[in-house]
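To start, the structure itself, in structure tokens.
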Amino acid sequence: MNGLTIRAILADKPVDRELEVHGWVRTRRDSGGLSFLAVSDGSALACLQVVLERDLPGYDRMVKQLTTGCAVRCRGILVRSPAKGQEVELRASGVEILGAADPAAYPLQKKRHSFGFLRTIPHLRPRTNALAAVARVRSTLSFAIHAFFRQRDFFLVHTPLITTSDCEGAGEIFTVTSLEPDQLGGPDPFASDFFGRRAGLTVSGQLQAEIYAMALGRVYTFGPTFRAENSNTSRHLAEFWMVEPEMAFCDLAGAMDLAEELVRELAGTTLAECAPEIDLFDRFVARGLRRRLEAVQERAFARMSYTAAVQALQESGREFTCPVTWGMDLQAEHERFLCEEITRGPVIVTDYPRQIKPFYMRGNDDGRTVAAMDILVPGVGELVGGSQREERHDLLRVKMEEAGLDLESYGWYLDLRRFGSAPHSGFGLGFERLVQFVTGMANIRDVIPFPRTPGSAPC
Ligand code: 4AD
Ligand code: MG
């Protein structure tokens with residue numbers, strides 16, 4: 001590791017010290033016998049200004065290559081900057097080009113590029129201000145999520161990525177096989193496959209998290225999940241990350257409180273730890289973002305039942321593409337209208353009809369609804385989905401039969417209700433949707449380093 005990051009230099013401002021800095025030139029400006037380089041090393045949004053006297057040894061040879069995107073090593077003394085725009089600058093005593101970036105070919109020349117264009121160069125787009133800012137926010141939020149659960153006595157459980165169960169029962173599983181395509185015929189080709197039965201990539205770590213919640217009390221898993229869902233929208237990915245806490249001795253209200261606390265705390269963390277990034281998004285991506293995040297941090301979320309939400313949508317006078325009736329799954333247009341126009345902020349919707357929710361959700365006494373909850377947020381829609389789990393053996397068994405599950409292969413799940421069953425609850429928070437929410441980025445493909453969507457998996 002070489003020297004200080006630009007982030008550390010700009011924070012600590014060790015003036016009069018001789019420093020060595022590595023980074024990529026963002027811009028070069030020549031004026032009055034001096035060249036001014038804006039150098040970024042990715043550690044912060046801000047660049048370090050490096051000032052070169054043009055009679056610096058080797059300058060004439062070097063200048064042609066000292067262009068946007070080239071990698072440099074700069075040595076010099078850090079001084080207080082006499083000009084506006086930066087507090088400190090590096091007076092260069094030596095600059096070395098480590099890797100040139102031919103201006104005729106390097107695609108990132110303009111100040112601003114469309115996100116659509118940047119998606120065509122996934123190997124270069126993290127060098128832009130916006131995508132680098134997203135990457136730093138993502139990293140900050142990841143650590144904050146682990147800290148949040150650790151402070152509350154949760155244990156991290158690494159649930160499997162390859163699994164033989166379909167948690168959501170939606171048939172969106174990517175099959176994992178070691179068979180060759182020509183071996184895939186016949187009535188049960190997977191019997192001779194690697195695991196002796198059909199296996200796939202996990203859609204959720206919940207069922208396995210439940211096993212550990214029944215042993216360790218409070219657990220969470222935070223990892224990639226996969227869905228072969230053919231939705232080409234701005235909020236769906238085929239590979240996305242999910243945070244899934246699971247708590248024994250906890251009812252739906254407990255899960256809702258925890259989820260709200262998590263989202264509000266993470267809004268606060270982003271404001272506190274990623275202030276320059278939030279300013280950038282506020283200016284160029286989503287006006288008013290900072291104010292909205294402050295409101296999320298400060299104000300309790302609205303809460304209403306699905307039945308009340310359906311009524312509010314019906315009475316709103318708004319014409320939806322898909323009219324709202326009790327019993328249907330709420331569509332994106334309804335979710336957005338609910339939190340953007342009716343509650344004007346995040347809302348927790350509870351007690352959905354049982355027929356639109358997975359088998360594991362606990363039945364309510366009315367026989368029609370389940371103890372489910374979704375958190376809907378402006379700009380994104382569904383951010384969190386969770387429930388109290390059905391802990392009553394016989395009722396769960398009936399629901400599993402209704403869902404057409406093979407009771408033998410889910411015997412372990414029923415066993416959790418045979419031996420020391422207890423009320424328990426949990427939820428899943430879509431990590432990319434969270435990053436969208438706190439950055440205001442409109443398209444989910446721009447908040448994950450390498451998006452996987454139908455027909456697209458570059459790099
Ligand atoms: O509502 P979902 O499907 O819930 C579950 O998978 C539960 N097993 C979670 C649990 O209770 N442990 O997904 C949870 C969240 C959604 O609210 C959404 O934020 C995100 O995961 N999500 C997606 N994010 C990106 N692309 C997709 N295709 C997503 N599908 C769900
Ligand atoms: Mg859901």
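Counting starts at 1 for both ligands and their atoms, in listed order.
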May I ask you to identify, for [X], whether its side chain, its backbone, both or neither come under 4.0 Å of ligand 1 on a heavy-atom basis?
{"X": "D374", "result": "neither"}
{"X": "E382", "result": "both"}
{"X": "R227", "result": "side chain"}
{"X": "F240", "result": "side chain"}
{"X": "T225", "result": "neither"}
{"X": "R452", "result": "neither"}
{"X": "E168", "result": "side chain"}

Heteroatom distance test ([X], ligand 1): nitrogen or oxygen, under 3.5 angstrom:
{"X": "S387", "answer": "no"}
{"X": "V203", "answer": "no"}
{"X": "E246", "answer": "no"}
{"X": "H236", "answer": "no"}
{"X": "L429", "answer": "no"}

Could you find the nearest protein heavy atom to [atom] and give me its residue, atom name and distance?
{"atom": "atom 19 (O) of ligand 1", "result": "L383 O, 2.9 Å"}
{"atom": "atom 20 (C) of ligand 1", "result": "G430 CA, 3.6 Å"}
{"atom": "atom 11 (O) of ligand 1", "result": "R389 NH2, 2.9 Å"}
{"atom": "atom 12 (N) of ligand 1", "result": "E244 OE2, 2.7 Å"}
{"atom": "atom 15 (C) of ligand 1", "result": "G428 O, 3.7 Å"}
{"atom": "atom 18 (C) of ligand 1", "result": "R433 NH1, 3.5 Å"}
{"atom": "atom 26 (N) of ligand 1", "result": "L237 N, 2.9 Å"}

Please confirm whether the backbone N or O of [Y] pairs with a side-chain atom of [X], one donor and one acceptor, at under 3.5 Å?
{"X": "D374", "Y": "I348", "value": "no"}
{"X": "R150", "Y": "I145", "value": "no"}
{"X": "S425", "Y": "C250", "value": "yes"}
{"X": "D166", "Y": "G171", "value": "yes"}

task: Would you name the N/O/S atom of E382 that lies closest to the Mg ion (ligand 2)?
output: OE2
message: I'd like to check which ligand 1 atoms, numbered from 1 as shown, lie under 4.0 Å from a non-hydrogen atom of C167.
response: 8 (N)
- request: For Y360, counting its heavy atoms only, list the atoms of ligand 1 lying under 4.0 Å from any of them.
  value: 7 (C), 8 (N)
task: Take R152 and E265 through the test salt bridge (charged side-chain N to carboxylate O under 4.0 Å, His left out) and record every step on the way to the result.
output: CA-CA 13 Å; R152 290 164 179 77; E265 184 165 312; 3.4 Å; yes
